[in-house]
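Quick note on labels: first sequence line is chain A, next is B, and so on, each numbered from 1.
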There are 2 protein chains.
Amino acid sequence: MASVESVDTARLERILAMFRDRGGRVTTPRRTIITALLEAGSHVTADELADTVQSAHPDVHRSTIYRCLGSLEELGVVDHVHLGHGRAVYHLADESHQHLVCESCGTVVEVPDKVFATLAKGVHKQFGFLVQPRHFAVAGRCRSCAG
Amino acid sequence: MASVESVDTARLERILAMFRDRGGRVTTPRRTIITALLEAGSHVTADELADTVQSAHPDVHRSTIYRCLGSLEELGVVDHVHLGHGRAVYHLADESHQHLVCESCGTVVEVPDKVFATLAKGVHKQFGFLVQPRHFAVAGRCRSCAG
DNA sequence: TGCTTGAAGCGATCGGGTTGCAACAACATG
DNA sequence: CATGTTGTTGCAACCCGATCGCTTCAAGCA
């Protein structure tokens with residue numbers, strides 16, 4: 001029976017292979033950054049990622065984190081979402097979902113795409129606008145802050 | 001019959017009176033900034049506003065623009081919306097509407113609140129989340145860019 | 001006409017992110 | 001295994017929008 005770790009390792013190697021396939025190179029920073037991403041699960045800021053990575057390899061520079069995240073987005077492995085006021089979070093591109101962010105406490109709620117289906121249909125019909133809120137979260141108040 | 005200009009002037013004076021009522025002062029920068037806002041209509045960046053203001057009064061500093069806009073928001077006269085990637089736009093707080101912004105060409109589409117009613121209801125029911133997209137635009141593709 | 005004190009002007013700073021460049025090292029090749 | 005090519009890295013400088021601290025100025029009251 002495969003442990004979680006071995007599953008992640010397999011995935012890590014699969015992602016690294018994608019770099020090699022495109023004539024890229026497998027480096028320590030890339031290995032470490034992707035590992036940190038896999039461990040974090042989802043919704044990590046570049047900053048948090050930098051902390052994790054640098055706790056193992058202090059010399060990995062912020063700009064390397066950003067460049068690696070950029071490459072991973074080109075490969076379709078991760079997506080980034082702007083939660084508002086500048087900070088962006090990164091998450092694995094597995095399941096397509098939307099993000100609701102509480103303006104009061106910052107909580108992020110993930111909701112399936114289909115919740116937006118009716119809105120998307122209505123907006124497209126009335127305004128010809130194709131709603132794609134993947135890259136920007138929808139703001140509001142979470143359950144506890146709304147009360 | 002009142003011209004548009006006199007209507008704006010009346011409005012300008014009404015807003016300035018709000019400052020006085022709160023123990024504030026009516027200054028040239030404030031007068032100029034609010035005038036520029038009224039003339040612009042809606043969706044001005046702080047930068048555009050600064051250009052307009054400075055063409056009449058070159059000494060008005062950026063920080064003054066921001067501080068004045070902040071005060072106007074406290075008074076409930078203007079709102080600001082983040083269209084994404086850092087830049088924010090300001091608009092008079094008259095009619096409550098939402099903003100759709102095209103990620104491709106930057107076009108902003110204003111839609112009435114009620115377009116979001118179904119989404120808001122569904123999200124609140126399922127996730128207890130109160131959607132308030134006033135301060136952040138919803139991203140997507142406009143009619144011409146979607147094709 | 002002064003006085004008080006809220007604003008303005010200025011430059012420095014901040015925060016998230018990007019870029020130019022020299023040095024390094026991953027990988028292919030001999 | 002040594003070598004060369006070239007994709008990546010580390011670093012520092014920089015960008016952009018926005019904010020802050022501080023001194024100076026002037027709006028509006030007595």
Within residues 51-62 of chain A: residues closer than 4.0 Å to DNA chain C (heavy atoms) = none
Do any side-chain nitrogens or oxygens of A:Thr27 fall under 4.0 Å of OP1 or OP2 in D:dT8?
-> no
Starting at CG of B:Leu69 and ending at C1' of C:dA7, how long is that distance when rounded to a whole Å?
-> 15 Å
Between B:Thr28 and A:Gly24, name the one whose nearest nucleotide on DNA chain D is closer to the 5' end.
-> A:Gly24
Judged by atom type as modelled, is there a donor-acceptor pair below 3.5 Å linking the side chain of B:Glu48 to the main-chain atoms of B:Thr45?
-> yes
Tell me whether the OP1 or OP2 atom of C:dC27 has a side-chain N or O from A:Arg20 closer than 4.0 Å.
-> yes
Separation of D:dT8 P from A:Arg22 CZ (nearest whole Å) | 9 Å
Atom pair distance, as rounded to whole Å: CD in A:Glu74 and P in D:dG7 | 14 Å
Expressed in angstrom and rounded to an integer, what is the separation of B:Asp21 atom CG from D:dG28 atom P?
-> 12 Å
B:Arg87 atom CZ is separated from D:dT19 atom C1', nearest whole Å, by 21 Å
Indicate whether OP1 or OP2 belonging to D:dT9 is found under 4.0 Å from a side-chain N or O atom of A:Thr64.
-> no
With no hydrogens and no angle check, do the side chains of B:Ser63 and B:Arg67 hold a donor and an acceptor under 3.5 Å apart?
-> yes
Measure from the side chain of A:Arg67, starting at C-beta and using heavy atoms only, and say which of D:dG28, C:dT19, C:dC27 lies closest.
-> C:dT19
Is there a side-chain polar atom (N or O) of B:Tyr66 under 4.0 Å from OP1 or OP2 of D:dA18?
-> yes
Between B:His80 and B:Phe136, does the ring centre distance come in under 6.0 Å?
-> no
Integer-rounded Å distance: C:dG16 C1' and A:Leu49 CG | 15 Å
Do B:His91 and B:His97 have ring centres separated by under 6.0 Å?
-> yes
Are B:His82 and B:His135 close enough that their ring centres sit under 6.0 Å apart?
-> no
Backbone N/O of A:Val60 and side chain of A:Gln54: donor-acceptor pair under 3.5 Å | yes
Using a 4.0 Å heavy-atom cut-off across all strands, classify B:Ser63 as base, sugar-phosphate, or nothing.
-> base
Counting only N and O atoms by type, is there a donor-acceptor contact under 3.5 Å from the side chain of A:Arg30 to the main-chain atoms of A:Leu16?
-> no
Of D:dG28, C:dG17, C:dA8, the nucleotide closest to the side chain of A:Ala88 is C:dG17
Find the distance B:Ile65:CD1 to C:dC10:C1' and express it as a whole number of Å.
-> 14 Å
Any N or O donor-acceptor pair linking the side chain of B:Arg25 to the base of C:dT5 at under 3.5 Å?
-> yes
Could you tell me the separation between the CG atom of B:Leu16 and the P atom of D:dG28, rounded to a whole number of Å?
-> 9 Å
